[in-house]
S.K.: 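Structure in structure tokens, see below.
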There are 2 protein chains.
Amino acid sequence: MAPKDELPLALRSAYLTLHRRSDAVFMEYGITADQFVLLATLARGQAMTQRELAARMPSDPSTVRAMLLLLEKLGLVSRAAHPTDARARTVSLTEAGVRTFQRAFEAGQEVRDQMVESFSPGEARTFLSLLKRMTQSLGERVTQVAVAVAEPSK
Amino acid sequence: MAPKDELPLALRSAYLTLHRRSDAVFMEYGITADQFVLLATLARGQAMTQRELAARMPSDPSTVRAMLLLLEKLGLVSRAAHPTDARARTVSLTEAGVRTFQRAFEAGQEVRDQMVESFSPGEARTFLSLLKRMTQSLGERVTQVAVAVAEPSK
DNA sequence: TATTGTTATACTCTATAACTATA
DNA sequence: TATAGTTATAGAGTATAACAATA
């Protein structure tokens, strides 16, 4: 069987394994692996709009909204009016959100270590590079469609 | 930032991108990407029990059952009594299931090609190998049972 | 007109726990 | 006692479409 035909299932198994391990680790902090990703995204760039947040996750704006409602109820994020755009709302971590993220990040260290325990440093870099290139290749058509859709309007 | 710290999010982005592209492709055939994985698993080893199926996906037995109910309603899989174990049921693709899987597999060729379009053949093999090693490292403490079940299948 | 976000809605996947039937 | 599967239940994430407010 060609590597190409095995890749999708191998990628899926890798991700699902990571996702389940992460869920198990983060459960102690009252959050899911996906919620952790949202917190991590906010931690890297505070006060972004919901659309920016969705684009970076990457996820759907209405999915992100559903997640934000849950996280707001947990007191981990807050939404405020955007300074210049009255349509938009900026999303931020609360103090509790920052603390929870930091603790969960530390607790996740074990999983991150275990991901690369069979890799040399060079292999880890290669793996990261290949993952990014694959994501870009696969995402390109989506961009083209978006461009094509946006085309008639110019 | 160390590659190790970027890897989880990079893996997630790669998988989610693949998953969304796959869902879009398979929608035409009335199935989801995850249902396609179940059909593909059956196509590679007919008449397995629900537990074997769950172990190979990899997924949870009760999740697999929920998926099987949907796929049975679509007429793509069928369940029959196990020849020797009265507790168990064997799961198989129906003729319609085989056809749907084959068509969906062909339709997915474009996505599989695009995954590796920026890779040399050697890089594709390396990527697959690293994915498998990562999954194994990460799963060692959690999936003893799944590994034991999956092993006999060569 | 296009964009940001909300609302309403629906469905798939996920998983735990209690249960039965059988090994 | 352990295992295969079912049932009941719950919740998270996903996404679409119609809508209001604003750019």
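When reading the values below, keep in mind they use all heavy atoms of this one structure, side chains included, and skip hydrogens, waters and symmetry mates. Residue numbering restarts at 1 for every chain, and letters A, B, ... go by the order of the sequence lines. This is a predicted model, so every value here is computed, not measured.
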S.K.: Is there a donor-acceptor contact under 3.5 Å linking the side chains of A:D60 and A:S62?
M.R.: yes
S.K.: CZ of A:R51 versus P of C:dT6: gap in Å, rounded?
M.R.: 11 Å
S.K.: Using whole Å, report how far CG of B:D60 lies from P of D:dG5.
M.R.: 13 Å
S.K.: Under a 3.5 Å distance rule, please check whether B:R12 uses its side chain to pair with a backbone N or O of A:M57 as donor and acceptor.
M.R.: yes
S.K.: With nearest nucleotides of DNA chain C determined for A:T90 and A:M27 from heavy-atom distances, which residue corresponds to the more 5′ nucleotide?
M.R.: A:T90
S.K.: Answer with yes or no whether the side chains of A:R112 and A:Q109 bring together a donor and an acceptor at under 3.5 Å.
M.R.: yes
S.K.: Nearest whole angstrom, please: distance from the C1' of D:dA4 to the CE of B:M48.
M.R.: 16 Å
S.K.: With sequence neighbours left out, what residues match B:S92 under side-chain hydrogen bond (donor to acceptor under 3.5 Å, both in side chains)?
M.R.: none
S.K.: Just how far, in rounded Å, is C1' of C:dT14 from CG of B:L69?
M.R.: 14 Å
S.K.: How does protein reach along nucleotides 6-13 of chain D, written 5' to 3' as B (base within reach of a heavy atom under 4.0 Å), S (only sugar-phosphate), or - (no contact)?
M.R.: SB----SS
S.K.: Starting from P on C:dT12, measure out to CG on A:L16 and report it in whole angstrom.
M.R.: 18 Å
S.K.: Would you indicate what A:D23 reaches in the nucleic acid, counting non-hydrogen atoms under 4.0 angstrom: base, sugar-phosphate, or nothing?
M.R.: nothing
S.K.: Between D:dT22 atom P and A:R87 atom CZ, what is the distance in whole Å?
M.R.: 10 Å
S.K.: Take the protein atom NE2 of A:H82 and the nucleotide atom P of C:dG5, then report the distance between them rounded to whole Å.
M.R.: 8 Å
S.K.: Any chance you could lay out the side-chain contact (heavy atoms from CB on, under 4.5 Å) test for B:F119 and A:M134, step after step, and finish with the verdict?
M.R.: CA-CA 8 Å; B:F119 293 171; A:M134 202 223 77; 3.9 Å; yes
S.K.: Starting at the 5' end of DNA chain D, which residue's closest nucleotide do you reach first, B:A88 or A:M57?
M.R.: B:A88
S.K.: Please report, rounded to the nearest Å, how far the P atom of C:dG5 is from the CD atom of A:E72.
M.R.: 13 Å
S.K.: In the structure I gave you, are the side-chain heavy atoms of B:L68 and B:L53 within less than 4.5 Å of one another anywhere?
M.R.: yes
S.K.: Go through the structure and list residues passing ring-ring contact (aromatic ring centres under 6.0 Å, His included) with B:Y29, not counting sequence neighbours.
M.R.: none
